[in-house]
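One-based numbering along the sequence shown. Atoms within a ligand are numbered from 1 in the order they appear, just like the ligands themselves. Quantities reported herein were computed from a predicted structural model and do not represent experimental measurements.
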Amino acid sequence: MSRTILVTGGAGYIGSHTAVSLLEQGHSIVIVDNLCNSSSKAVERVAELGGRDVAFVQADVTDKEALSQVFDNHPIEAVIHFAGLKAVGESVEQPLRYYRTNLETTMVLLDVMQEHRVWDLVFSSSATVYGDPRVLPIPESAPTGPTNPYGRTKLMIEDICRDVAAAEPNWRIAILRYFNPVGAHPSGDLGEDPTGPPNNLVPFVMQAAVGRRGSVSVFGDDYDTPDGTGVRDYIHVIDLALGHLAALSHLDNGCREFNLGTGSGASVLEILSATERISGKKLNYEIVSRREGDIAISLADPSRANTELDWRAERALETMLRDAWNWQNKNPNGFDQD
Ligand code: NAD
Ligand code: WQD
């Protein structure tokens with residue numbers, strides 16, 4: 001069934017890939033993004049890759065009047081809400097900016113949706129809500145306990161979603177807890193383009209491989225893991241995008257949380273050696289001390305999404321890194337090169 005979907009934050013990394021998948025599956029989309037962490041070129045590439053026009057409104061999701069106008073001007077039937085700030089370290093330094101942006105975008109959105117009687121919502125949460133996990137792999141029923149302001153904004157938004165769904169039975173909300181999204185569109189025309197030095201491992205390693213960064217710092221080799229470096233559940237951004245489509249088509253009344261991950265992990269050193277092999281570039285790295293707040297291992301138990309959404313992450317680590325490299329090599333300076 002083809003629908004008109006509002007994608008907030010659709011110019012960003014995960015939103016732009018999801019937007020392409022939505023177009024490919026016949027949906028019409030409206031993107032609202034203030035471009036505070038993205039480029040309008042990403043929206044152009046979404047339209048090119050999706051082979052269809054995209055309605056784009058450059059606006060802040062906290063601007064209620066602008067958002068209401070979007071709902072007045074387009075027959076929105078469902079919303080995927082990506083817009084927000086996501087850098088953990090920055091959230092520690094600027095907590096108020098993070099609480100204000102992440103909570104206010106969501107509350108304004110929920111308000112406007114309610115006023116327009118649009119009840120279908122898919123929300124970008126994060127595995128960071130689990131904090132330091134006691135059980136591996138992590139099921140959705142695991143205790144939550146985020147350890148930084150960014151993670152706390154995600155958990156607060158989840159609570160808000162659960163509360164509005166309890167108060168108004170028309171709501172149909174899926175909360176998606178992503179593990180570590182990496183990779184890029186296989187065309188190499190769309191990918192992750194962080195501003196400034198990347199905080200996350202894979203974009204940093206790719207920029208190092210293309211010669212834009214120097215040595216990679218490996219944050220600790222004394223964790224209780226097979227090679228001593230941190231292990232994460234990396235998931236291809238296309239698999240993640242398809243998870244949003246699956247969530248949309250399986251929405252049910254109320255609010256339900258789903259882990260989106262593969263269930264298998266890779267260490268920092270495994271990422272480095274696989275990237276060297278795939279790119280053919282030698283990487284310099286040094287072991288430095290642990291990064292504050294990091295955990296040893298994060299692994300999803302994705303069985304709820306497998307069963308209830310009929311979705312499974314299919315792309316292997318090799319494909320994730322090959323696509324990430326293809327994007328970086330084709331666009332060494334990201335979207336700003338031309
Ligand atoms: P991103 O920064 O690339 O995309 C977010 C987009 O939202 C950007 O285009 C930005 O310009 C826009 N935006 C921010 N504040 C806005 C506002 N007030 N009004 C309108 N637009 C605004 O990030 P991403 O990696 O694509 O992440 C998307 C979502 O997924 C975020 O909510 C993030 O917290 C969540 N998430 C990301 C990861 C990850 O590792 N990338 C993991 C778990 C969850
Ligand atoms: C992966 C591994 C690091 C950089 C973060 C957020 C999380 C979610 C995804 C939004 C870890 C190590 C990293 C580097 C390194 N985002 N590393 N050198 O920390 O698992 O998750 O992004 O929701 O909330 O916390 O991802 O890519 O930063 O780190 O050694 O330069 O790589 O210690 O073991 P992380 P990451």
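Here's the thing with Asn180: one of its N/O atoms is less than 3.5 angstrom from an N/O atom of ligand 2. Between Phe219 and ligand 2, at least one pair of N/O atoms sits closer than 3.5 Å. Of the N or O atoms in Phe204, none lie within a sub-3.5 Å distance of an N or O in ligand 2.
Selection from Asp33, Asn37, Thr195, Ile80 by nearest heavy atom to atom 6 (C) of ligand 1 gives Asp33. Among Gly15, Ala42, Gly12, the residue whose heavy atom lies nearest to atom 4 (O) of ligand 1 is Gly12.
When non-hydrogen atoms are compared, ligand 1 lies under 4.0 Å from neither the backbone nor the side chain of Glu192. When heavy-atom distances to ligand 2 are checked against a 4.0 Å cut-off, Tyr178 has no atom that comes that close, whether in backbone or side chain. If you look at Leu35 next to ligand 1, the close heavy atoms, those under 4.0 Å, all belong to the backbone.
The shortest contact between atom 3 (C) of ligand 2 and any protein heavy atom is with Asp294 OD2, 3.4 Å. Regarding atom 12 (C) of ligand 2, its nearest protein heavy-atom neighbour is Val268 CG2, 3.6 Å.
The closest side-chain donor-acceptor pair between Ser267 and Asp227 falls under 3.5 angstrom.
Each of the following atoms of ligand 1 lies closer than 4.0 Å to a heavy atom of Ser124: 29 (C), 30 (O), 32 (O), 35 (C).
Between Asp323 and Arg315, none of the side-chain N atoms (NZ, or NE/NH1/NH2) sits under 4.0 Å from a carboxylate O, so this pair counts as no salt bridge.
The shortest heavy-atom distance from Ser125 to ligand 1 is under 4.0 Å.
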